[in-house]
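None of the values given here were measured: they were computed from a predicted structure. In what follows, every heavy atom counts, from backbone to side chain, and hydrogens, waters and symmetry copies are set aside.
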Amino acid sequence: MLFDHCSVCKRCCVVDPGYPPLEVSLTNAEAERLESICIETACPHLGSNGCTLGPSKPLSCSLYPLSYDPKRKVFSIDQECPISAEYADQLKDPSSDASVHLADMKERIRHLDQGDQKFLRDNHQVDVSYFDLKKLPIRASLQEL
């Protein structure tokens with residue numbers, strides 16, 4: 001499974017020494033439920049097997065290693081994520097973990113594009129600041145919402 005490595009790596013849930021704290025972007029609904037999540041060193045919801053929030057974790061966390069640019073309407077991937085190369089390669093198979101993840105993220109973003117564009121803009125700005133983004137190498141038809 002592609003994302004099995006995430007519970008071992010946890011790199012995206014930790015801020016390296018010397019870097020500013022990361023305020024996790026939350027949708028309007030998530031902000032009502034979680035108020036805020038600030039990662040100063042390690043995410044307060046990071047457990048020994050990964051995120052303790054499970055399926056209730058923020059969309060910005062679920063989206064990773066992807067980033068969505070709402071202005072250009074394209075996905076990018078964090079080149080420094082250890083699974084990024086395999087993720088991009090798996091997109092050739094419509095039934096792969098990466099393809100299923102991308103389809104899920106596209107659907108969730110489609111809903112936010114209609115009701116919470118501020119989240120999409122803010123989240124992308126955070127991603128640009130913290131990650132080494134590269135355009136996701138996929139056909140345009142897979143890229144579209």
Side-chain angles (χ1 to χ4, degrees), residues 1-93 96-138 142-145:
M1 302 291 280
L2 176 65
F3 291 101
D4 285 351
H5 181 73
C6 299
S7 64
V8 175
C9 176
K10 304 173 190 164
R11 188 172 179 274
C12 56
C13 303
V14 175
V15 173
D16 292 331
Y19 285 87
L22 170 62
E23 185 70 35
V24 175
S25 303
L26 301 173
T27 65
N28 290 331
E30 292 167 347
E32 287 180 24
R33 181 173 45 88
L34 298 167
E35 294 181 17
S36 72
I37 299 175
C38 184
I39 304 174
E40 293 186 32
T41 54
C43 180
H45 300 286
L46 180 60
S48 59
N49 293 322
C51 185
T52 60
L53 294 173
S56 298
K57 71 181 173 182
L59 175 59
S60 58
C61 299
S62 297
L63 183 61
Y64 192 80
L66 300 179
S67 176
Y68 179 71
D69 180 346
K71 185 175 182 180
R72 294 181 17 231
K73 300 200 181 292
V74 296
F75 286 91
S76 299
I77 192 163
D78 181 4
Q79 296 181 91
E80 294 183 3
C81 175
I83 66 167
S84 64
E86 184 179 354
Y87 189 104
D89 191 51
Q90 278 195 16
L91 291 174
K92 297 171 190 166
D93 174 4
S96 70
D97 290 343
S99 293
V100 170
H101 176 258
L102 177 60
D104 181 43
M105 293 302 105
K106 287 168 57 174
E107 184 61 29
R108 293 174 72 182
I109 287 170
R110 184 178 293 121
H111 291 294
L112 289 171
D113 199 34
Q114 299 168 2
D116 197 351
Q117 288 188 354
K118 181 180 182 328
F119 162 80
L120 294 175
R121 286 190 307 272
D122 292 350
N123 187 66
H124 182 67
Q125 192 57 45
V126 169
D127 290 351
V128 167
S129 300
Y130 275 85
F131 303 126
D132 185 13
L133 299 176
K134 175 183 172 185
K135 187 176 179 221
L136 194 59
I138 57 175
L142 292 175
Q143 194 65 271
E144 296 170 4
L145 289 181

Measuring from Thr27:OG1 to Leu34:CG, what's the distance to the nearest 0.5 Å?
-> 8.5 Å
Do Glu23 and Val126 have side chains that get closer than 4.5 Å, going by heavy atoms?
-> no
Side chain Asp132, main chain Gln79, donor-acceptor under 3.5 Å = no
Do the non-hydrogen side-chain atoms of Arg33 and Ser56 ever get within less than 4.5 Å of each other?
-> yes
What class does the angle between the rings of Tyr87 and Phe3 fall in, given that below 30° is parallel, 30 to 60° is tilted and above 60° is perpendicular?
-> perpendicular
Full working for side chain to side chain contact (heavy atoms under 4.5 Å, CB included) between Val128 and Asp69 | CA-CA 9 Å; Val128 167; Asp69 180 346; over 6 Å; no
Side-chain touch Cys38/Glu40, heavy atoms, less than 4.5 angstrom = yes
First locate atom SG of Cys13, then atom CD1 of Ile39, and finally report the distance between them rounded to the nearest 0.5 Å.
-> 6.0 Å
Given the rule in the side chain to side chain contact (heavy atoms under 4.5 Å, CB included) test, do Leu112 and Leu59 qualify, once you have shown the distances and angles that lead to the verdict?
-> CA-CA 10 Å; Leu112 289 171; Leu59 175 59; 3.0 Å; yes
Is any side-chain heavy atom of Tyr130 less than 4.5 Å from a side-chain heavy atom of Pro20?
-> yes
Applying side chain to side chain contact (heavy atoms under 4.5 Å, CB included), run through Cys81 and Arg11 and close with a yes or a no.
-> CA-CA 8 Å; Cys81 175; Arg11 188 172 179 274; 5.6 Å; no
Ser48 backbone acceptor or donor facing Lys10 side chain under 3.5 Å = yes
Any side-chain heavy atom of Ile37 within less than 4.5 Å of one from Pro44?
-> yes
Would you find a donor on one side and an acceptor on the other, under 3.5 Å apart, between the side chain of Gln90 and the backbone of Ser96?
-> no
Atom OG of Ser67 and atom CG of Leu120: how far apart are they, to the nearest 0.5 Å?
-> 10.0 Å
For the pair Ser76 (side chain) and Leu133 (backbone), establish whether a donor and an acceptor sit closer than 3.5 Å, ignoring hydrogens and angles.
-> no
Decide yes or no for Pro65 and Phe131: does some side-chain heavy atom of the first lie under 4.5 Å from some side-chain heavy atom of the second?
-> no
What closest approach, in Å, do Pro82 and Cys9 show between heavy atoms, and which atom pair accounts for it?
-> CG-SG, 3.8 Å
Report the distance from atom CG of Asp127 to atom CD1 of Ile77, rounding to the nearest 0.5 Å.
-> 12.0 Å
Can you establish whether the number of heavy atoms outside Asp16 located under 6.0 Å from its atom CG is more than 12?
-> yes
Counting only N and O atoms by type, is there a donor-acceptor contact under 3.5 Å from the side chain of Glu35 to the main-chain atoms of Ala31?
-> no
Would you mind reporting whether Lys57 and Thr52 have side-chain heavy atoms less than 4.5 Å apart?
-> no
Between Asn123 and Tyr68, a side-chain donor and acceptor under 3.5 Å | no
CG-OG distance between Asp104 and Ser99, expressed to the nearest 0.5 angstrom | 12.5 Å
Please report the shortest heavy-atom distance between Tyr64 and Cys12, naming the atom on each side.
-> CE2-CB, 3.4 Å
Between Leu66 and Leu102, which heavy-atom pair has the shortest distance, and what is it?
-> CD1-CD1, 3.8 Å
Approximate separation, where rounding is to 0.5 Å, of Glu30 CD and Ser36 OG = 12.5 Å
Examine distances only and state if a side-chain atom of His101 and a backbone atom of Ser62 form a donor-acceptor pair shorter than 3.5 Å.
-> yes
Are the side chains of Leu136 and Leu91 in touch, meaning some heavy atoms are under 4.5 Å apart?
-> yes
Backbone N or O of Leu2 within a donor-acceptor pair of the Asp97 side chain at under 3.5 Å?
-> yes
